[in-house]
Amino acid sequence: MDSPKTIDELMVRAESMSGRSIGEIAQLMQIEVPASLTRKKGWQGQMIEKFLGADSGNLSQPDFSLLDIELKTLPIDYNGKVLESTYVCVLNLYNNLDDETFGCWQLSAVYRKLQHVLWVPVARTAGQSVTEFRVATPFLWRPSEAEMHLLKMDWENAIELVSLGKIDQLNARDGEVLQVRPKAANSKVLTRTTNRQGQLIETLPRGFYLRPQFTQQILAQNLKLS
DNA sequence: GGATGATCATCC
DNA sequence: GGATGATCATCC
């Protein structure tokens, strides 16, 4: 599918998925559905990207580059409860002190990606096959000033610890809405960072994630509007 | 039962 | 390894 040229075009495509099962959408695209997501964790998100014509691949930029919109699928149950946190992007641990943009929120990948998001909630229940998962109502979201402030606070706190070489003090308990958790193939993967003395060391790669309570509120706001 | 830390697939 | 896409699995 070509990349959509306008927001309207994107939303028409997104809305065409509403109420359809994953099996139906996969069939339209002639893609085989895995029996389980255990070994295909990103499969659903990538299928929906393809269906909507996302064009960024694995570049570090919003999925729809022309529109500057990021796509996120959101796993929910049939009561509308958010089931998982939402991965945003990697946390750059290699803080080059010469890089004055390192601590700049508005230049960060988190800001860039979250300033405009197309959420595609997908409902599922335990024991259900992936084919039976069902797309709920996709919606566009821009963080409110208050939401943006919360994100910025959490982001700045994380970045400050990294800048000080205190990545070891940063864990998933930090951050009101945006947290930092491991993001790697396994716990033995290493990436470069610096310690308190500014020496180069290696540590586990981390990523930024939105807490489920936060995305739950985003979902609730949208339900009120529709 | 929810949250934290661990892990899986793919592309380059 | 590092980016994309995330969910799994264990702990508390």
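Values in this document were obtained by computation on a predicted structure and should not be read as measured data. Throughout, protein chains are lettered first and strands after them, A, B, ... in sequence-line order, and every chain is numbered starting at 1.
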Review item, side-chain donor-acceptor pairs of residues 5-12 of chain A, under 3.5 Å, at least two apart:
residue : atom : partner : partner atom : Å
A:K5    : NZ   : A:S3    : O            : 3.3
A:T6    : OG1  : A:E9    : N            : 3.0
A:E9    : OE1  : A:K5    : N            : 3.1
A:E9    : OE2  : A:R13   : NH2          : 3.1

Query raised in the report: So, is A:T191 near the phosphate of C:dG2, with a side-chain N or O under 4.0 Å from OP1 or OP2?
Result: yes
Requested in this report: Could you check A:F208, A:W155, A:W105 and say which one makes a ring-ring contact (aromatic ring centres under 6.0 Å, His included) with A:Y111?
Outcome: A:W105
Requested in this report: Quick one: closest heavy-atom pair of A:P121 and A:T137, and the distance?
Outcome: CD-O, 3.4 Å
Report task. Round to a whole Å and report the spacing from NZ of A:K40 to C1' of C:dT4. Result -> 15 Å
Query raised in the report: Applying the 4.5 Å side-chain criterion to the ILVMFWY set and letting contacts propagate, would A:I48 and A:L28 be lumped into a single cluster?
Result: yes
**Report entry** Residues clustering with A:M153 (ILVMFWY side chains joined when closer than 4.5 Å, directly or via others)
**Finding:** none
Query raised in the report: side chain to side chain contact (heavy atoms under 4.5 Å, CB included) between A:L210 and A:L114: does it pass, once the steps are laid out?
Result: CA-CA 10 Å; A:L210 299 176; A:L114 296 183; 3.9 Å; yes
Query - Close approaches to DNA chain B from residues 11-35 of chain A, in residue order (heavy atom, under 4.0 Å) - result: none
Report summary line: Taken to the nearest whole Å, OH/A:Y209 to P/C:dT7 is 11 Å
Query raised in the report: Under a 4.5 Å side-chain heavy-atom rule over Ile, Leu, Val, Met, Phe, Trp and Tyr, are A:V110 and A:W141 clustered together?
Result: yes
Listing, residues 33-47 of chain A side-chain donor-acceptor contacts under 3.5 Å, not counting sequence neighbours, or none:
residue : atom : partner : partner atom : Å
A:S36   : OG   : A:T38   : N            : 2.9
A:S36   : OG   : A:T38   : OG1          : 2.8

Query raised in the report: Excluding sequence neighbours, so at least two apart, what forms salt bridge (Lys or Arg N to Asp or Glu O under 4.0 Å) with A:E147?
Result: none
Query raised in the report: Is there a donor N/O on one and an acceptor N/O on the other, under 3.5 Å, for the side chain of A:K41 and the base of B:dT7?
Result: yes
**Report entry** Non-hydrogen atoms of A:T194 and A:L200 that approach each other most closely
**Finding:** CG2-CD1, 4.2 Å
**Report entry** Divergence of helical axes at both termini of the helix from B:dG1-C:dC12 to B:dC12-C:dG1 - five pairs an end, 10° steps
**Finding:** 30°
Query - Pairwise side-chain contact, A:F214 with A:L178, heavy-atom cut-off 4.5 Å (strictly under) - result: no
Query - Contact residues, residues 167-187 of chain A to DNA chain C [heavy atom, < 4.0 Å] - result: A:R181, A:K183
Query raised in the report: Can you tell me if CD on A:E145 sees more than 12 non-hydrogen neighbours from other groups inside 6.0 Å?
Result: no
Requested in this report: Just call it for A:E202: base, sugar-phosphate, or nothing, with non-hydrogen atoms closer than 4.0 Å on any strand.
Outcome: nothing
Query raised in the report: Quick one: A:R211 CZ to B:dG2 C1', roughly how many Å, whole number?
Result: 11 Å
Query raised in the report: Where do A:T86 and A:L74 come nearest, in terms of heavy atoms and distance?
Result: OG1-CD1, 3.7 Å
Requested in this report: Of all the heavy-atom pairs spanning A:T203 and A:R206, show the shortest one and how long it is.
Outcome: OG1-NH2, 2.9 Å
Report task. Would you sort out whether A:E132 and A:S129 count as a side chain to side chain donor-acceptor pair (under 3.5 Å), showing the intermediate values? Result -> CA-CA 5 Å; A:E132 296 173 306; A:S129 72; 3.2 Å; yes
Query raised in the report: Does A:Q216 use its side chain to pair, donor to acceptor, with the backbone of A:G80 at less than 3.5 Å?
Result: yes
Report summary line: Under a side-chain separation threshold of 4.5 Å, the hydrophobic residues clustered together with A:Y87 are A:V90, A:Y209
Report task. Mind running a 4.0 Å heavy-atom check of residues 108-136 of chain A against DNA chain C and sending the residues that fall below it, in number order? Result -> A:K113, A:R124
Short N/O separations, protein against nucleotides 10-12 of chain C, under 3.5 angstrom:
none

Requested in this report: Kindly give the heavy-atom pair with the smallest separation between A:G53 and A:F64, and that separation in Å.
Outcome: C-CE2, 3.7 Å
Query raised in the report: If only side-chain N and O atoms of A:Y87 are considered, is one of them under 4.0 Å from the OP1 or OP2 phosphate oxygen of C:dT7?
Result: no
Query raised in the report: Rounding to a whole Å, what distance do you find between A:F208:CZ and C:dA6:P?
Result: 18 Å
Query raised in the report: Is the backbone of A:P62 close enough, under 3.5 Å, to the side chain of A:S56 for a donor and an acceptor to pair up by distance?
Result: yes
Requested in this report: Take the protein atom CG of A:L210 and the nucleotide atom C1' of C:dT7, then report the distance between them rounded to whole Å.
Outcome: 15 Å
**Report entry** Integer-rounded Å distance: C:dA6 C1' and A:E70 CD
**Finding:** 12 Å
Requested in this report: Work out which heavy atom in A:V88 is nearest to a heavy atom in A:K72; give both atom names and the distance.
Outcome: O-NZ, 4.2 Å
Query raised in the report: Any salt bridge between A:R112 and A:D68, counting N to O under 4.0 Å?
Result: yes
Query - Between C:dG5 (C1') and A:L37 (CG): distance, integer Å - result: 11 Å
Requested in this report: With a 4.0 Å heavy-atom cut-off, tell me which residues in residues 71-84 of chain A come close to DNA chain C, sorted by residue number.
Outcome: A:K72, A:T73, A:P75, A:E84
Query - Nucleic acid contacts - residues 43-66 of chain A versus DNA chain C, non-hydrogen atoms under 4.0 Å - result: A:G45, A:Q46, A:E49, A:G57, A:N58, A:L59, A:S60, A:D63
